[in-house]
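These notes are about the structure you will find just below.
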Number of protein chains: 2
Amino acid sequence: MATIDDVAKAAGVSTSTVSYVLSGKRPISAPTRARVERAIDKLGYRPHAGARALASARTNVIALMAPLRVGVNVPVIMQFVAGVVTRARDFDHDVLLLTQDDVSGLDRVTGGSMVDALVMMDIEADDPRVPLVAAAKQPTVLIGLPQDPEGLSCVDLDFEAAGRLAVRHLARTGHTDVALIGSPPEVLQRHTSYAERLMRGLRSQATSSGLTARVEACDSSPSGASAAVDTLLATAPDTTGIIVHNEAALPHVLSRLAERGIVVGADMSVIAVCPTDVALSQRIPMTSIDLPAEDIGKVAVDMVMARLEGDHPSETRLLSPVLTERESSAYGPAGALD
Amino acid sequence: MATIDDVAKAAGVSTSTVSYVLSGKRPISAPTRARVERAIDKLGYRPHAGARALASARTNVIALMAPLRVGVNVPVIMQFVAGVVTRARDFDHDVLLLTQDDVSGLDRVTGGSMVDALVMMDIEADDPRVPLVAAAKQPTVLIGLPQDPEGLSCVDLDFEAAGRLAVRHLARTGHTDVALIGSPPEVLQRHTSYAERLMRGLRSQATSSGLTARVEACDSSPSGASAAVDTLLATAPDTTGIIVHNEAALPHVLSRLAERGIVVGADMSVIAVCPTDVALSQRIPMTSIDLPAEDIGKVAVDMVMARLEGDHPSETRLLSPVLTERESSAYGPAGALD
DNA sequence: TTGAAAGCGCTAACAT
DNA sequence: ATGTTAGCGCTTTCAA
């Protein structure tokens, strides 16, 4: 491998000149620059990442800590990851992938200066990783919210607003008895923040809109989804509006409703909270509140890069939910209220 | 951040002693080792990854190039990724994630010495990435097979054997007219190797077992799956055995068969080629040939590490397919033949 | 506009 | 069993 000295020699300049041609951190005359550039690609020169990191204290790598457990919303996670990786490249950074159950990985990559910054997904209310990254010298952005986001940078869909929006929409379209079919019990037990935030918004809006709102946890399996639907209809037979916040269970919920002879979009209004592509690939196009997973991943990178450049303060950004009406919802028993 | 010199000072030894305590590359007396270790965790010392890479020409990072495009078998990809990441940690390596459409990333990470080795997924017959990695100084393992695997390290399920195995099983259980519902047309157009290999095995076995075998490409959407089923039953109404090699389409294929009043496991035998967890999460437990995605990811790492250590030659490892009978298959019109 | 040279923090050959 | 020291390849002051 050619080194910067080889390039300097070949171009008849000093090593620092080559370095500055590469970094653009000081003006270089056109002819010099040309000679250096020619030497660079004649030799196929690539700066050595380790040497660069050692000298500059910059790695051009960010860490992404993602839940790699198989089974839970994998496609959605991939959308976040894709957003992060794509945007990182825009900032000339690569992505080091860490898994959730490798908490010691945080120490390793931050302490060992392997990365310039971190993005962490799937934050729980009382997440053990948060104190670790708060103590690290690298800036971190969380996708999701811990209990106390004070002093941290976070980004997520505003799930509380999404809960309110969904209920408000159902209320306005004449529904009086609504229900949430939500995350699997395990997710709730871990107090994963998005699940609880959505429930909070839903309950508060139900109260202020004067609706009854029931909540069912829902295992993502077909049988789990069937059970949730059956329980719901047994205990609250007057329900005419369902909010589904569980991508994996959604198709099974719809199947079960169909099996029971309930026509979605007529007898029952169903609003999904999920990425748009998921909403569109169901048996009928779903009225949904978009979970813009890829965008959130990109915003996370934007935020972490901003903190890396200037001394931006930490901030929490909650993206406003957008509801799009499609074919799975209709007016309820009370009719139009607007 | 504490440096190795700080540690040496605190422990009253030389820097090299600290280095050797860390690497275990030469014997250290028990008391010395103890003093060094105490100093290390008193200071919270972490070796600087860049410095280490510069001095040792080892990064302890491997690159994983994975298709991050949303939509195609994402959960299965995640299983491969999980296997790679997990096993890499066993070798004290981290994983740098590259995406397929970032071909220049290969140059960047190899030329810049960012990684010790590479694992590449989703290999196409004439993959443009293959010549690049073949020229790199880092060893590479491909998950999948290019047209000409000569001189390359590859690992995959033996899809050709899987195709044969599936057909042989159907033949033995009395089926005479079988069909493949396979990958989406895009995948076939890219000549993704696994799709073609499975078809080849299926056709050759059909010939030697004297069966008729029809092949349908199949878009992963519900409507694509319905169309494939409908076309199949229209053009080959005597079909009693179907092999499905398309995880995403599988549930929709089963739904369509059910809609048409065809009872899977009685009127129609269906064999799925997919990870076992996918086979088990269908409406009925599927007879399947396992795609051991996580294992394959692990083997890929094992192979790449072996090449990194000794001077192992390149090799291609094809894992033997295993068929497990469950409830989706039964004897066909010709009855038991064994 | 360019060059010289001092590190960055570690590893490993060479000594003892 | 341990210490000394010469790099590894780059960035960035300091000088010109």
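Naming: A, B, ... by sequence-line order, numbering from 1 per chain.
One finds no side-chain N or O of B:T3 lying less than 4.0 angstrom from the OP1 or OP2 phosphate oxygen of C:dG9. Between A:R52 and D:dG9 there is no side-chain N or O to OP1 or OP2 distance below 4.0 Å. Of the side-chain N and O atoms in A:T32, one or more sit less than 4.0 angstrom from OP1 or OP2 of C:dT2. Residue A:S29 has a polar side-chain atom (N or O) positioned under 4.0 Å from OP1 or OP2 of C:dT2. Residue B:S56 places none of its side-chain N or O atoms closer than 4.0 Å to OP1 or OP2 of C:dT11. Using a 4.0 Å cut-off, no side-chain N or O of B:K25 falls inside it from OP1 or OP2 of C:dT11. Considering only side-chain N and O atoms, B:Y20 lies nowhere under 4.0 angstrom from the phosphate OP1 or OP2 of C:dC10.
Between the side chain of B:R26 and the base of D:dG3 there is at least one donor-acceptor pair of N/O atoms closer than 3.5 Å. Side-chain atoms of B:S16 and base atoms of D:dT4 include a donor and an acceptor less than 3.5 Å apart.
Counted by atom type alone, A:Q79 and A:D277 present one or more donor-acceptor pairs between their side chains at under 3.5 Å.
A:M114 places its CE atom 14 Å from the P atom of C:dC10, with the value rounded to the nearest Å. Between the NE2 atom of A:H48 and the C1' atom of D:dG7 there is a distance of 13 Å, rounded to whole Å. Here the C1' atom of nucleotide D:dC8 and the CD1 atom of A:I4 are 14 Å apart, to the nearest Å. Rounded to an integer number of Å, the gap from B:L54 CG to D:dT11 P is 12 Å. Rounded to an integer number of Å, the gap from A:L43 CG to D:dG9 P is 14 Å. Atom pair A:Y45:OH and D:dG9:P shows a separation of 10 Å (rounding to whole Å applied). A:N60 has its CG atom 14 Å from the P atom of D:dC10, to the nearest Å. When rounded to the nearest whole Å, the span between CG of A:L22 and P of D:dT11 equals 7 Å.
The B:T15 side chain lies nearest to D:dT4 when the options are D:dT11, D:dT4, C:dG9.
As judged by a 4.0 angstrom heavy-atom cut-off over every strand, A:R46 is placed among residues touching the sugar-phosphate backbone only.
Each of A:L64, A:V81, A:L96, A:V84 was checked for a side-chain contact (heavy atoms from CB on, under 4.5 Å) with B:L97, and the lone residue meeting it is A:V81.
In this structure the side chain of B:V141 never reaches within 4.5 angstrom of the side chain of B:C154, judged on heavy atoms.
Nearest-nucleotide assignment on DNA chain C puts the 5′-proximal partner with B:G50, out of B:S23 and B:G50.
The pair B:D158-B:R197 does not meet the salt-bridge criterion, since no charged nitrogen lies less than 4.0 angstrom from a carboxylate oxygen.
For the pair A:D116 (side chain) and A:N60 (backbone), a donor-acceptor distance under 3.5 Å is present.
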